[in-house]
Protein chains: 2
Amino acid sequence: MLSKKTKYALHALTYLGKHRDEKTVLIHDIAEEHGISQKFLENILLELKKAGILGSKKGKGGGYYLIKEPKDIPLSKVIRLLDGPIALLPCVSLNYYEPCAECKDEVTCGINKVMIQVRDETLKILENKTLEDILKT
Amino acid sequence: MLSKKTKYALHALTYLGKHRDEKTVLIHDIAEEHGISQKFLENILLELKKAGILGSKKGKGGGYYLIKEPKDIPLSKVIRLLDGPIALLPCVSLNYYEPCAECKDEVTCGINKVMIQVRDETLKILENKTLEDILKT
DNA sequence: ATAAAGTCTATAAAAATGATAGGCTTTATA
DNA sequence: TATAAAGCCTATCATTTTTATAGACTTTAT
């Protein structure tokens with residue numbers, strides 16, 4: 001399951017996507033619309049900004065806006081950013097690799113092999129679904 | 001990522017699958033082989049038993065054994081049992097459904113729609129990969 | 001100058017996960 | 001039939017992760 005962080009991020013991105021005609025959108029408005037903590041959302045939007053997905057304007061009249069096309073924001077990117085690895089095991093993670101303690105030899109481990117396949121197929125799904133898909137339904 | 005519970009379960013199932021010629025296998029031996037806590041493993045194997053995946057024999061000379069064919073033990077079953085939902089959001093879970101608080105209307109929610117698709121495609125993967133796939137590599 | 005809005009860091013609270021403990025029941029066998 | 005081996009069951013504790021809050025700081029329009 002996705003963490004609330006990621007879920008909130010998706011709601012925020014959706015909201016921003018629906019308000020692309022406006023220059024900027026207030027954190028406050030997004031938080032209110034979905035009944036979530038504004039302070040918590042602040043951190044999330046900041047991360048999205050640092051990842052190059054959002055832009056922002058400080059000061060009075062400021063706010064956030066999408067900096068990328070919705071079609072260029074795949075679920076995989078959002079999930080990795082806020083939740084971490086998409087792979088089911090650290091030993092098959094492309095971006096967050098770590099060996100598994102209980103596995104004596106990765107090379108001969110059947111679990112490892114199968115999980116690599118699962119990872120690749122899962123990735124195909126999450127890279128192909130984008131914010132655009134969410135917006136157009 | 002999978003919890004350690006699920007990871008350990010997969011290792012235990014693999015071990016049991018590799019020792020199908022023996023009548024029973026000791027929890028102790030599985031725990032030792034992978035360097036994991038025996039007591040923790042006990043609980044996990046019990047769950048697998050209650051789910052009809054493993055059988056056991058009590059008392060001296062007892063132990064655990066596979067009660068199903070490896071090809072009939074899909075990853076989806078093991079994951080659901082020990083980790084819970086496969087869906088990324090509660091509002092699209094087949095087995096653990098719950099509405100999402102921050103979503104005003106599920107019917108018009110684009111996130112919901114996309115996540116249903118992700119769930120279905122993910123499920124296809126996890127239902128098709130079985131213990132047999134792990135054993136045969 | 002002031003108020004509005006994002007930025008940043010730290011900390012606290014809550015929940016989930018991982019691990020341990022100990023007694024109970026069952027069963028083979030000496 | 002006593003004993004030791006092995007799984008069964010429940011409770012509790014410890015750790016880690018997640019979620020949420022707080023408050024001071026910076027930037028900017030008016």
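Letters go in sequence order (proteins before strands), and every chain restarts at 1.
- Ion pairing between B:Lys39 and B:Glu42 holds under the 4.0 Å rule for side-chain N and carboxylate O.
- The backbone N or O of B:Ala87 sits nowhere less than 3.5 Å from a side-chain atom of B:Tyr96 that would complete a donor-acceptor pair.
- For the segment residues 18-49 of chain A, residues with any heavy atom less than 4.0 angstrom from an atom of DNA chain C are, sorted by number, A:Val25, A:Leu26, A:Ile27, A:Lys39, A:Glu42, A:Asn43, A:Leu46, A:Lys49.
- In this structure, a donor-acceptor pair under 3.5 Å is present between the side chains of A:Lys49 and A:Ser56.
- Heavy atoms of B:Lys7 sit nowhere under 4.0 angstrom from any nucleic acid atom.
- Test B:Leu82, B:Val78, B:Ile79 against B:Leu10 for side-chain contact (heavy atoms from CB on, under 4.5 Å) and you get one pass: B:Val78.
- Both A:Lys58 and A:Lys5 lie near DNA chain D, and the one whose nearest nucleotide falls closer to the 5' end is A:Lys5.
- Near-neighbour residues of DNA chain D inside residues 75-89 of chain B, defined by a heavy atom below 4.0 Å, are absent.
- Salt bridge annotation for B:Lys124-B:Glu121: absent, with no cationic side-chain nitrogen under 4.0 angstrom from a carboxylate oxygen.
- Look at A:Lys57 and you'll find a side-chain N or O under 4.0 angstrom from OP1 or OP2 of D:dA29.
- The closest donor-acceptor contact from the side chain of A:Asp133 to the backbone of A:Thr130 lies under 3.5 Å.
- Here C:dT7 is the nucleotide among D:dA20, C:dT7, D:dT30 with the atom lying nearest to any side-chain atom of A:Ser56.
- Within the 4.0 Å cut-off from OP1 or OP2 of D:dG7, not a single side-chain nitrogen or oxygen of B:Tyr65 is found.
- A perpendicular orientation is assigned to the rings of B:His34 and B:Tyr15, their planes being inclined by more than 60° (bins at 30° and 60°).
- Rounded to whole Å, atom P of D:dT28 lies 14 Å from atom OH of A:Tyr64.
- Cluster annotation: A:Tyr65 and A:Leu81 are assigned to distinct hydrophobic clusters (Ile/Leu/Val/Met/Phe/Trp/Tyr, side-chain heavy-atom contacts under 4.5 Å, transitive).
- OP1 or OP2 of D:dA20 lies within a sub-4.0 Å distance of a side-chain N or O belonging to A:Tyr8.
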